[in-house]
Protein chains: 2
Amino acid sequence: MDNSEDTGTRVIRHTREDVTRAALSILDELGLPDLTMRRLAAVLNVQPSALYWHFANKQSLLAAVSDSILEQLRPATATDDWRADLHAEARALRDALLAYRDGAEVVSSTLALGLGGDQAEERLAAAISRGGFDERISAAAARAVLHFILGHVSREQQHLQASSLGAAREPAGPLDDEDSAGGFEFGITLLAGGLEAYRMPGVASLRT
Amino acid sequence: MDNSEDTGTRVIRHTREDVTRAALSILDELGLPDLTMRRLAAVLNVQPSALYWHFANKQSLLAAVSDSILEQLRPATATDDWRADLHAEARALRDALLAYRDGAEVVSSTLALGLGGDQAEERLAAAISRGGFDERISAAAARAVLHFILGHVSREQQHLQASSLGAAREPAGPLDDEDSAGGFEFGITLLAGGLEAYRMPGVASLRT
DNA sequence: ACCTGAACACCGTTCAAGT
DNA sequence: ACCTGAACACCGTTCAAGT
């Protein structure tokens with residue numbers, strides 16, 4: 001647990017990556033509201049002020065956590081079916097977000113602030129552009145897909161936590177996990193189908 | 001400004017609606033981070049603890065603010081073109097969110113927590129179902145549209161604030177307002193087009 | 001290069017008591 | 001029905017100084 005390849009056991013000294021890792025584990029175990037600078041410092045056996053040597057403020061720490069979550073994105077596989085690829089990218093992103101408690105919320109708010117990398121958006125755009133769409137279209141569509149995914153998974157994670165807390169209440173309904181995953185695929189299908197329709201506008205009355 | 005139709009000028013006494021209104025105006029003038037219970041109390045000339053007679057906690061206050069924002073949704077007009085109606089509903093929602101600073105973020109996080117009304121989702125679903133889609137499909141599609149709108153407008157408002165702060169920086173590019181509004185319409189078009197394609201799957205290879 | 005100590009300026013929330 | 005007063009248990013951030 002401690003990377004103490006030092007002389008004794010004292011003088012802990014953390015790297016930026018240590019801090020990010022510890023933050024990620026607090027996030028996963030206690031959730032975003034309990035991920036405070038003071039608690040993080042306590043876990044690292046350090047004064048809160050020490051964290052500000054590694055990060056300018058809490059928001060940049062959260063951006064690093066967000067990037068860390070997105071780094072676990074399973075590698076892309078480019079087949080000859082761009083729609084299948086887009087679905088695969090979307091699922092990979094959903095899985096990465098679901099891998100940590102409140103993952104979607106952290107990534108969502110980080111990206112909304114214009115912080116964090118754009119690996120996710122770029123991979124979605126890459127899959128789409130393999131469908132023969134130009135860069136502008138691919139980028140705009142990727143953003144639409146990303147907004148949908150972040151919103152959907154945020155709600156999903158919120159429900160997961162709510163139902164894990166209030167054990168009783170509604171019998172969870174016959175539709176919840178199943179329906180949530182179904183809703184996810186459906187949303188991606190709509191956006192992919194919309195792209196397909198976009199390039200052959202003769203089919204239906206597509207102007208509005 | 002004061003609804004003091006009392007004997008003198010003392011004993012202010014607020015209603016839940018007064019509190020919500022005051023919160024909304026702090027939100028609009030100072031933004032979500034500065035909308036604190038203590039500041040709200042100060043504006044109302046009241047102790048912070050007084051707010052807890054009107055609301056159980058800050059989150060329910062924010063839910064009331066969110067509802068308040070969505071109440072300003074301009075009324076729906078049902079024509080014979082469901083796609084035009086959906087676009088109109090989407091624009092109405094965007095305008096309502098843009099009407100207050102950080103409006104999208106407040107509504108987004110409130111809805112994510114399962115709080116607040118579902119007027120927005122229902123109106124989107126109503127427009128979609130006029131296209132002849134069953135209730136399940138309409139509901140799922142409405143949620144997808146709503147996620148896109150909240151994500152898009154959140155980012156839009158973030159950029160608005162960022163550029164109003166850092167006056168200089170990038171020359172704003174030839175694409176920003178224009179591109180943002182264009183991206184919005186494009187997203188709605190994709191989802192509407194996806195729905196149209198969904199009911200006539202023979203057109204292209206739609207299975208995945 | 002990384003951290004301590006001490007402080008500043010705040011938070012949300014509870015609860016007994018007042019009118 | 002609506003509010004005060006006082007307290008509890010916290011926050012994020014800064015900054016001089018230490019090693």
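Chain letters run A, B, ... following the sequence lines, proteins first and then strands; every chain starts at 1.
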A:Ser25 versus A:Asp28, side-chain donor and acceptor atoms under 3.5 Å:
no
Is A:Arg101 salt-bridged to A:Glu29, cutoff N-O under 4.0 Å?
no
Per A:Arg38 side chain, nearest of listed nucleotides C:dC3, D:dC3, D:dG12:
D:dG12
Just the rounded figure in Å: distance from P of C:dC11 to CG of B:Leu61.
14 Å
Are A:Thr189 and A:His87 linked by a side-chain donor-acceptor pair shorter than 3.5 Å?
yes
Nearest listed nucleotide, side chain of A:Arg13, among D:dC2, C:dC3, D:dT13:
C:dC3
Let's see if you can work this out: which of D:dA1, C:dC11, D:dC11 has an atom nearest to the side-chain heavy atoms of B:Trp53?
D:dA1
For a 4.5 angstrom cut-off between non-hydrogen side-chain atoms, does B:Leu190 reach A:Val145?
no
Using atom CZ of B:Arg39 as one end and atom P of C:dA9 as the other, report the distance to the nearest whole Å.
15 Å
With rounding to the closest Å, how many angstrom separate the P atoms on D:dA17 and C:dC2?
22 Å
Specify the separation, in whole Å, of atom CG of B:Leu40 and atom C1' of C:dC11.
14 Å
Taking only the side-chain heavy atoms of A:Tyr52 (C-beta and beyond), determine which of C:dC11, C:dT13, D:dG12 contains the nearest atom.
D:dG12
Polar pair under 3.5 Å, donor/acceptor by atom type, side chain A:Ser49, base C:dG5:
yes
Within less than 4.0 Å of OP1 or OP2 of C:dA1, is there a side-chain N or O belonging to A:His14?
no
Roughly how far apart, to the nearest Å, are D:dC11 and C:dC8 at atom C1'?
12 Å
Is there a Watson-Crick or G-U wobble partner for C:dA7 with both distances under 3.5 Å, and which nucleotide is it?
D:dT13
When rounded to the nearest Å, what value does the distance between C1' atoms of D:dA16 and C:dC3 take?
13 Å
What is the separation between atom NZ on A:Lys58 and atom C1' on D:dC11, rounded to the nearest whole Å?
8 Å
Using atom CD of A:Gln47 as one end and atom P of D:dA17 as the other, report the distance to the nearest whole Å.
18 Å
What is the distance, to the nearest angstrom, from the CG atom on A:Asn57 to the C1' atom on D:dT14?
13 Å
For A:His54 and C:dA1, is the shortest distance between a side-chain N/O and OP1 or OP2 below 4.0 Å?
no
Checking base pairs now: Watson-Crick or wobble, both atom distances under 3.5 Å. What partners C:dG18?
D:dC2
Picking from A:Arg123, A:Arg83, A:Arg94, what satisfies salt bridge (charged side-chain N to carboxylate O under 4.0 Å, His left out) with A:Glu89?
A:Arg123
In whole angstrom, what separates B:Leu44's CG from D:dC2's P?
13 Å
NZ/NE/NH1/NH2 to OD/OE distance under 4.0 Å, B:Glu121 and A:Arg155
yes
Separation of B:Asp18 atom CG from D:dC2 atom P, in whole Å?
10 Å
Taking the side chain of A:Ala50 as heavy atoms from C-beta outward, which of C:dA7, C:dT13, C:dC3 is closest to it?
C:dC3
